[in-house]
Undergrad: 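Attaching a single structure in structure tokens format; questions to follow.
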There are 4 protein chains.
Amino acid sequence: MKEEARVAILEAAEQVIAEQGLSATRMEDIATRVGVSVGTLYNYFEDRQRLLQALLDAQAQQLMAVLDTELERSRGAPYRTRLHGLLRAILEHAQKHFRFLSLLLEERSLRVAASSEELDRHQRLVNALTERIGSLNPEGLTQGVLRPEDAPHYPTLLLGMLQSTLLRQFLDRQPTPVDEQIALLLRCFLEGASPRPG
Amino acid sequence: MKEEARVAILEAAEQVIAEQGLSATRMEDIATRVGVSVGTLYNYFEDRQRLLQALLDAQAQQLMAVLDTELERSRGAPYRTRLHGLLRAILEHAQKHFRFLSLLLEERSLRVAASSEELDRHQRLVNALTERIGSLNPEGLTQGVLRPEDAPHYPTLLLGMLQSTLLRQFLDRQPTPVDEQIALLLRCFLEGASPRPG
Amino acid sequence: MKEEARVAILEAAEQVIAEQGLSATRMEDIATRVGVSVGTLYNYFEDRQRLLQALLDAQAQQLMAVLDTELERSRGAPYRTRLHGLLRAILEHAQKHFRFLSLLLEERSLRVAASSEELDRHQRLVNALTERIGSLNPEGLTQGVLRPEDAPHYPTLLLGMLQSTLLRQFLDRQPTPVDEQIALLLRCFLEGASPRPG
Amino acid sequence: MKEEARVAILEAAEQVIAEQGLSATRMEDIATRVGVSVGTLYNYFEDRQRLLQALLDAQAQQLMAVLDTELERSRGAPYRTRLHGLLRAILEHAQKHFRFLSLLLEERSLRVAASSEELDRHQRLVNALTERIGSLNPEGLTQGVLRPEDAPHYPTLLLGMLQSTLLRQFLDRQPTPVDEQIALLLRCFLEGASPRPG
DNA sequence: CATGAATGAGGGTTCATTCAT
DNA sequence: TATGAATGAACCCTCATTCAT
């Protein structure tokens, strides 16, 4: 099956890139990892760039699917519960695909002069992620759990906290239980750092 | 003066890397920007890697100096004021050296298999930043502004929010006034997303 | 039928080479044109080189057949008439197989160090062509239409004029009627550029 | 001197191409011939194509210079004398740069679908050559040496005869003295193949 | 016989680094 | 010390050829 081969290649690429970094990953490294020869890669992808784009797209699509599934599953539940589920989904996915976030942040993503195509790709990803988180906002507001004045910024801020939490874990090599992380995030995000009376 | 030349080279490197990205920046690009020839670069830096490391170190040192100055300046002020000043210092520095954060995030920084030397360098940077923010924690706790149970995570979370805010601005190409950003960050960080009674 | 397939492949090769040039023509291009897969080509030809040689041979054989038929047809007619017929045959063939002349001139054909096999193949072609034209020489001499001293060079010169005429047409994209071309060639070849008295 | 190196590279390229053919000539072959490494070639030419174009251009320019010089030198002499000089100049140049004509004829030059840029280059060359020969036409006509009705085609036809003569010599490996060749060409061109009365 | 995915040697090109001037 | 041409290893990509189905 042609599709299986594509997937195998993308998976190999993900692994190698995670290990070596984007710019250090040679086509032959990927090929070797899949167990095929270089030429074969080019039977499935036009060139290096397309392969990497396909990887990014696939990863993004996968993550979005996970999030959408979770959102669907929790439909009807209270805001806090749904947000909890969403964070769990993201964290669990990130744990499995830590490499993905690397890619997201890596290389050309933040270049000032990045080609608009590349920028769009990155922007679309971050936006999609932000959007999913933001889709809970209305409920949060309705249920009186979110302050309206800053609501539009919450998704961005949450993402930031999520990311820095992941990075810290990585740097400290101290994996924290997912539930603990979520609790921390929810607590800090909703209650703030300042103690509440009562 | 030998030192001036080194600085000029590092500044050029910062500019070019900001424009083209790390892996796309060639030694000759840097040389051209400084207005010297490639060979000259090698009179000041052993090789490409050392030059980039020197750049990272210089940037880090500069940021730390800024933060330390700010901490020194605000010594004695209440926690909230001092944090405000720190955030302002970071944001202003980031505005001028957006490139720096790029470098921080870029390329090899997140590689699983990164050489321990590189990883340490990155870790040291993030840690130093975290530490500066964390240095205010005791005061925050003493002054009853911070909840003790999560305090150790606050610096990390703040850094994450800071970063995602910067990224969002960049993606949206909508620069927000620094004061507004700080207000938002402080509000959300301290008060949380959930409305407080009274 | 095995032979039909061979012919189909050669025809496709002729077309593609005419369109893309020799060295730019890939086996797959030919296969696609025939409507088969690459592998099939190798069921009919040992390798790329043999296929191209077969094409050249086929083309040459075809042209020779045309010329021999024409020579046969005009047997007994006066020299001028027979030459006229020969030129017409060549021109008409060239019009249909402009590609062929390209091949003749192309690539390895003029290489100093060309393998003797390739060179011979080319030489044989040009020689065969020259020979057919030269076969009329005896009649031309007998009928007093040709000057004996230069007669051996006439075929070569005629071929040259023919070729440059074709090339010019191609470059100017101004197709001239065949009859006009023949008239011009015959006039210039037989009468010369200098006006004749009387 | 930068220019000397360029020239050396072009000369090496000319030699190698003459020996191996255009498409068989690798950049490394050229480099080896000059006695430098591949990289050096790219210090003087953007890429392979530009190098080859530069070669073609240089060769063309050189030939044109020779012809213009000859035309200048013979100014005022009778048509026949001037044409003689021109043919001699071309033949002598061709002898030294047989490779050039090869290039002219080779590869992409006759492709139907050749990019307009390539075609133009070739067309311009042939046209320039044709033009130089044609520049003598007015005198030929004035002096009554050329028949007016076919005059516009004479340059093309002469070029064709010239080329086929050179090719024949090459194929037969029988170098003929230049003077003899010129005499033959002039005789056949001006007087025609048919014997003249008187 | 036909297929077409897999192969991998080979060629073009880049660029960090060197070193003679 | 500055220069910048030369170097050549390394990487991306192509495509003739093979062979299991």
Side-chain angles (χ1 to χ4, degrees), chain A residues 1-2 4-6 8-9 23-32 34-52, chain B residues 1-2 5 9 23-32 34-52, chain C residues 1-2 5-6 9 23-32 34-52, chain D residues 1-2 4-6 8-9 20 23-32 34-52:
Chain A
M1 198 58 193
K2 190 140 184 169
E4 287 172 26
R6 271 184 70 97
I9 292 174
S23 72
T25 297
R26 304 173 305 125
M27 291 300 273
E28 186 162 342
D29 295 334
I30 300 174
T32 301
V34 202
V36 300
S37 70
V38 231
T40 300
L41 299 188
Y42 290 89
N43 288 334
Y44 293 91
F45 299 94
E46 292 260 353
D47 54 25
R48 188 179 188 271
Q49 200 191 147
R50 306 284 184 99
L51 193 159
L52 299 177
Chain B
M1 203 58 193
K2 186 144 181 172
I9 292 174
S23 72
T25 296
R26 304 173 307 125
M27 291 299 274
E28 181 150 351
D29 295 334
I30 299 173
T32 301
V34 203
V36 301
S37 70
V38 247
T40 301
L41 299 188
Y42 287 86
N43 288 330
Y44 292 91
F45 299 93
E46 290 263 350
D47 55 26
R48 186 180 190 269
Q49 199 187 147
R50 306 288 182 96
L51 194 160
L52 298 176
Chain C
M1 203 55 190
K2 186 146 181 170
R6 274 183 66 96
I9 292 173
S23 72
T25 297
R26 303 174 305 124
M27 292 298 274
E28 181 150 352
D29 295 334
I30 299 173
T32 301
V34 203
V36 300
S37 71
V38 245
T40 301
L41 300 188
Y42 287 88
N43 288 331
Y44 291 91
F45 299 93
E46 289 264 350
D47 55 25
R48 186 178 189 269
Q49 200 188 150
R50 306 287 182 96
L51 193 160
L52 298 178
Chain D
M1 196 59 191
K2 189 138 183 172
E4 288 172 26
R6 272 184 68 97
I9 292 174
Q20 310 185 345
S23 71
T25 297
R26 303 173 306 124
M27 291 301 272
E28 186 162 344
D29 295 334
I30 299 174
T32 301
V34 202
V36 299
S37 70
V38 233
T40 300
L41 299 188
Y42 289 88
N43 288 333
Y44 293 91
F45 300 93
E46 292 261 354
D47 54 24
R48 187 178 188 270
Q49 199 189 146
R50 306 284 184 99
L51 194 160
L52 299 177

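Just so it is clear: chains get the letters A, B, ... in the order the sequence lines come, proteins before strands, and each one is counted from 1.
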Undergrad: Could you check whether Thr32(C) gets within reach of a base, just the sugar-phosphate, or nothing at all, counting any heavy atom under 4.0 Å?
TA: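 Nothing, no nucleic acid heavy atom in range.
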Undergrad: Touch check for Val36(B), heavy atoms < 4.0 angstrom, all strands: base, sugar-phosphate only, or nothing?
TA: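 Sugar-phosphate, no base atom in range.
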Undergrad: Given atom CZ of Arg6(A) and atom C1' of dA5(E), what is their separation to the nearest angstrom?
TA: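 Distance check: Arg6(A) CZ to dA5(E) C1' gives 15 Å.
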Undergrad: Among dG12(E), dT3(E), dA16(F), which nucleotide sits nearest the side chain of Arg48(D)?
TA: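 Per side-chain heavy atoms of Arg48(D), the pick is dG12(E).
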Undergrad: When you measure from the side-chain N and O atoms of Ser37(B) to the phosphate of dA2(F), is any distance below 4.0 Å, counting only OP1 and OP2?
TA: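 Answer is no, no contact under 4.0 Å.
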Undergrad: Looking at the side chain of Thr40(A), which of dA16(F), dT7(E), dC12(F) is the nearest nucleotide?
TA: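 Among dA16(F), dT7(E), dC12(F), the one nearest the side chain of Thr40(A) is dT7(E).
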Undergrad: Considering only side-chain heavy atoms of Met27(A), which listed nucleotide, dC13(F), dA6(E), dT13(E), is closest?
TA: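 Shortest atom-to-atom distance from the side chain points to dC13(F).
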Undergrad: Rounded to the nearest 0.5 Å, how far does CZ of Arg50(D) lie from CG of Leu41(D)?
TA: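 Rounded to the nearest 0.5 Å, the CG-CZ separation comes out at 15.0 Å.
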Undergrad: Is dT21(E) paired to anything, Watson-Crick or G-U wobble with both distances less than 3.5 Å, and if yes, which nucleotide?
TA: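 With both distances under 3.5 Å, dT21(E) matches dA2(F).
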Undergrad: Need to verify one output field. Residue with the more 5' nearest nucleotide on DNA chain E, Asn43(D) or Gly39(B)?
TA: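 Here Asn43(D) is the residue nearer the 5' end.
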Undergrad: Rounded to whole Å, please give me the gap between CD1 in Ile9(C) and C1' in dA2(E).
TA: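 Rounded to whole Å, this separation is 11 Å.
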Undergrad: To the nearest Å, how far apart are Leu41(B) CG and dG4(F) C1'?
TA: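 So the CG-C1' distance, Leu41(B) to dG4(F), works out to 12 Å.
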Undergrad: For Asp29(D) and dG12(E), what is the distance between atoms CG and C1' respectively, to the nearest whole Å?
TA: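 Result: 12 Å.
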Undergrad: If you only use heavy atoms from C-beta on, which nucleotide in dA5(E), dT17(F), dA16(F) is closest to the side chain of Arg26(C)?
TA: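 So the nucleotide nearest the side chain must be dA16(F).
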Undergrad: Take Gly35(B) and Thr25(C), find for each the nucleotide of DNA chain F with the closest heavy atom, and name the residue whose nucleotide sits nearer the 5' end.
TA: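 Closest to the 5' end, via its nearest nucleotide, is Gly35(B).
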Undergrad: Once you round to the nearest 0.5 Å, how far does CG of Asn43(D) lie from NZ of Lys2(D)?
TA: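 Rounded to the nearest 0.5 Å, the CG-NZ separation comes out at 7.0 Å.
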Undergrad: Could you check if a side-chain atom of Arg26(B) sits within less than 4.5 angstrom of a side-chain atom of Asp29(B), using non-hydrogen atoms only?
TA: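 They are in contact (side-chain heavy atoms under 4.5 Å apart), so the answer is yes.
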Undergrad: Can you see if the side chain of Tyr42(C) gets near the phosphate of dC19(F) - specifically, an N or O under 4.0 Å from OP1 or OP2?
TA: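 For dC19(F), neither OP1 nor OP2 has a side-chain N or O of Tyr42(C) closer than 4.0 Å.
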Undergrad: Are Glu46(A) and Leu51(A) packed together at the side-chain level, in the sense that at least one heavy-atom pair is separated by less than 4.5 angstrom?
TA: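 The answer is no; the side chains never approach within 4.5 Å.
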Undergrad: Relative to the 5' end of DNA chain F, which residue comes earlier, Glu28(A) or Val38(D), by the nucleotide with the nearest heavy atom?
TA: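 Result: Val38(D).
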Undergrad: Please check this pair: side chain of Arg6(A) against backbone of Tyr44(A), looking for a donor-acceptor N/O pair closer than 3.5 Å.
TA: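 Yes, the answer is positive, given that a donor and an acceptor are paired below the 3.5 Å cut-off.
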Undergrad: To the nearest Å, how far apart are Ile30(C) CD1 and dT17(F) C1'?
TA: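 Those two atoms, CD1 and C1', are 14 Å apart.
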Undergrad: Rounded to the nearest angstrom, tell me the gap between atom CG in Leu51(C) and atom C1' in dT17(F).
TA: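 One finds 13 Å between C1' of dT17(F) and CG of Leu51(C), rounded.
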Undergrad: Where the side chain of Thr40(D) meets the backbone of Val36(D), is there a donor-acceptor pair that is under 3.5 Å apart?
TA: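 Looks like no, no N/O pair under 3.5 Å.
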Undergrad: Given dA6(F), is OP1 or OP2 found less than 4.0 Å from the side-chain N or O atoms of Tyr44(D)?
TA: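 For dA6(F), OP1/OP2 do have a side-chain N/O of Tyr44(D) under 4.0 Å.
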Undergrad: Which base, if any, makes a Watson-Crick or G-U wobble pair with dT13(E), both distances under 3.5 Å?
TA: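 The answer is dA10(F), by the H-bond criterion.
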Undergrad: How close or far is atom C1' of dA6(F) from atom NZ of Lys2(D), stated in whole angstroms?
TA: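 Distance check: Lys2(D) NZ to dA6(F) C1' gives 12 Å.
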Undergrad: Distance check needed: dT17(F) P versus Phe45(C) CZ, whole Å only.
TA: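 It works out to 13 Å between those atoms.
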